[in-house]
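Chain letters run A, B, ... following the sequence lines, proteins first and then strands; every chain starts at 1. No experiment lies behind these values; they were computed from the predicted model shown.
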Amino acid sequence: MGAVHPPRDLSETVLQTILDLLPVPVAVRGADGYLYRNAAHRALAADALAGEGGDLEDLGLAQVTDPVSGRLYLCTRTPLGDGPDFLEVLEDITGRHSDRDEIARQRDALARDAEALGRANRDLAVIDRAKAAFIALAAHEVRTPLTALGNALALLRRTPDPAAGARFLGMAERNVGRLAALADDLLAFTKLEVGHLALAFAPVDLAALVADTAADPECGPGRVRVSGGTRLPAVHGDPAALAQVVHDLIDHALENTPEGHAVRVALAHRRRWPRPADGADPDHAPATPGAPEGWVEVVVADPAQVGGDTGAEMADGDDALGLGLAVGRRVAALHGGALWARRGPEERAVVLRLPVLGVADARLLPVQEAWRRLPRHGAPPAVVVLRVEDGADPDPLRSAFGEDPGFASVPETGEVVGAVPGPGAVDRARHAATRWSAARGCPIRMGWSRADAAADFGAALARARAALRPLGEGGGGGNGGEEGGRG
Amino acid sequence: MNRKVLVVDDDPDLRESLACLLEGVGYDVAEAADGYAALGAVLVQKPDVVLLDVMMPRENGYRVARKMREAQAAGLLPDAMKIILVTARKLDHDPEREQLFEQFAHPDLVVYKPFDVNGLLSAVATALTPPEPQPVG
């Protein structure tokens, strides 16, 4: 913009002409300095810009953007009667405005980081409490067989009778076995917690698992009564892990059931997540990669009297479930389901609910679990979708990501889906896919999406699928925004 | 006549081993496998000491202890009967909660599993020791 300096004594007509001609009604002194009415006015303008003065309008100031250059000017505003106000440029504040925007952005980013840090700290506090409670539970579970073992050894030392000695030796061996089983449970739980327990997914008939466990001679004849096991849909899960959960559920109930009473197992296909009366939080159904076609429910009830305030408190949480079922709770979560304790006046029940998912969605459960484990306090994690074209098998592409449990191939959709910790990992996935695609001449489409505030895996997956673009076109294709298939 | 101890625990090995240990040092022992059975047994057996597990099916030990105290207050059980809670439930991470439960149950003693056998026998003996007479005036 050229230097235009309308003198103060211009007539209104001339001034109006100049204002009409200019792209914006400004007067610019040029490179040799800014035009100010006086030093005091300059100081007021500086204060206003620094946010320490009054409102710009109160000072007779205005910010005006030149629509041609896009630059921003601080101007004085002088009313000229009926015509447009006379604007006099005080300063080009484009840079300062950018600085303020940048400061505001940084302030917002800091606020977001502080919020994320606060959230992470709160999460850590919850984890710490859960860890302390879990350690207490594990210690509690270990103490009983340890005490029995100690007693047996003390008795062995005291008794001269070989027959009694053999009995106490058997007692000692039995409790060593119980301790070993607890150690196995602890190991399994630890593996689950650190994500090292690989689950092999296949269709699982929960009714058959329950029937097998109920028929086990160890349960005792007539001690387990099963109802509602017909025409249940299969769930997709790890057969061995789910068999263990069902066994632990029934075994735990049998331990709490006096002789002469039976454990009741009720199976059902539920269309919806439970009502509040069912004891599970109705608003917090477990997340699943797709929309489940209902839930298969296994309710294992034992006739326990747990009413009353103190009894109710004691029956809460993992204390009521035991270590084996704490493992079951994690296994259920890994299957997109849940396991919880429910109390009634006449019985106590443990409820296992697993989603009925299509095969393609079920294959994504481990990715969802990996997504859950990704940190949320730094760069937001992302879901990456790579779709091989021409009906090719995505399994070989999956191998490009090694043993990373955050990636899974879904032959039904021709996709490899990954949960990755941030934009850098998205780029690495893109490069790996590009190399793989080039080496095999197999075109790939890629889409990705960052976590939203709720970190909903299903929503991020849907957005990543919606953003699928061919790799290698225009640097990888995509929408160039914060999510997409951009290369 | 021997002093009588009622051992209440749902774990058969613990029940049996405790009974053998107590019998070995001269106590008469009765057993119960859950909270309800304990409430029935205590009225019939009128033990001097109840060794009471906490985490049991059909009524936990805290509630059983409280009901026994109520029975004592109603004159259904002798005042001299002592209750020792024997528990694996040591809430180190939540001592206030533990204290709350113990106030609710009002036991004479609490023994935590795993315990030293001699320590447990000593706790039983201590519970049965009459308090020293207090000087008058």
Hey, could you give me the CG/CZ distance between A:L146 and B:F115, rounded to the nearest 0.5 Å?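 Going from the CG atom of A:L146 to the CZ atom of B:F115 covers 10.5 Å.
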In Å, rounded to the nearest 0.5 Å, how long is the span from CD of B:E16 to CG of A:L155?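 Going from the CD atom of B:E16 to the CG atom of A:L155 covers 8.5 Å.
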Any side-chain heavy atom of B:C20 within less than 4.5 Å of one from A:R167?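 A side-chain contact exists here, since the closest heavy-atom pair is under 4.5 Å.
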More than 12 heavy atoms of other groups within 6.0 Å of A:R264 CZ: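 Check fails, neighbour count at 12 or below.
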Looking only at atom types and distance, does a side-chain atom of A:R143 sit under 3.5 Å from a main-chain N or O of B:K113, one as donor and one as acceptor?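 Side chain of A:R143 to backbone of B:K113, a donor-acceptor pair under 3.5 Å: yes, one is there.
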Please enumerate all residues that pass side-chain hydrogen bond (donor to acceptor under 3.5 Å, both in side chains) together with [X], with sequence neighbours excluded.
X	value
A:R174	B:D13
B:R3	none
A:R178	A:N175, B:D11

Is there a side chain to side chain contact (heavy atoms under 4.5 Å, CB included) between B:L21 and A:R158? Walk through the geometry before answering. CA-CA 9 Å; B:L21 286 164; A:R158 289 166 189 228; 4.1 Å; yes
Minimum heavy-atom distance between B:P114 and A:T147, given as atom pair plus value: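 Heavy-atom minimum between the residues: CA-OG1, 3.0 Å.
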Proximal to chain A - members of residues 116-123 of chain B, heavy-atom separation under 4.5 Å: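 At a heavy-atom separation under 4.5 Å, chain A is reached by B:V117, B:N118, B:L121.
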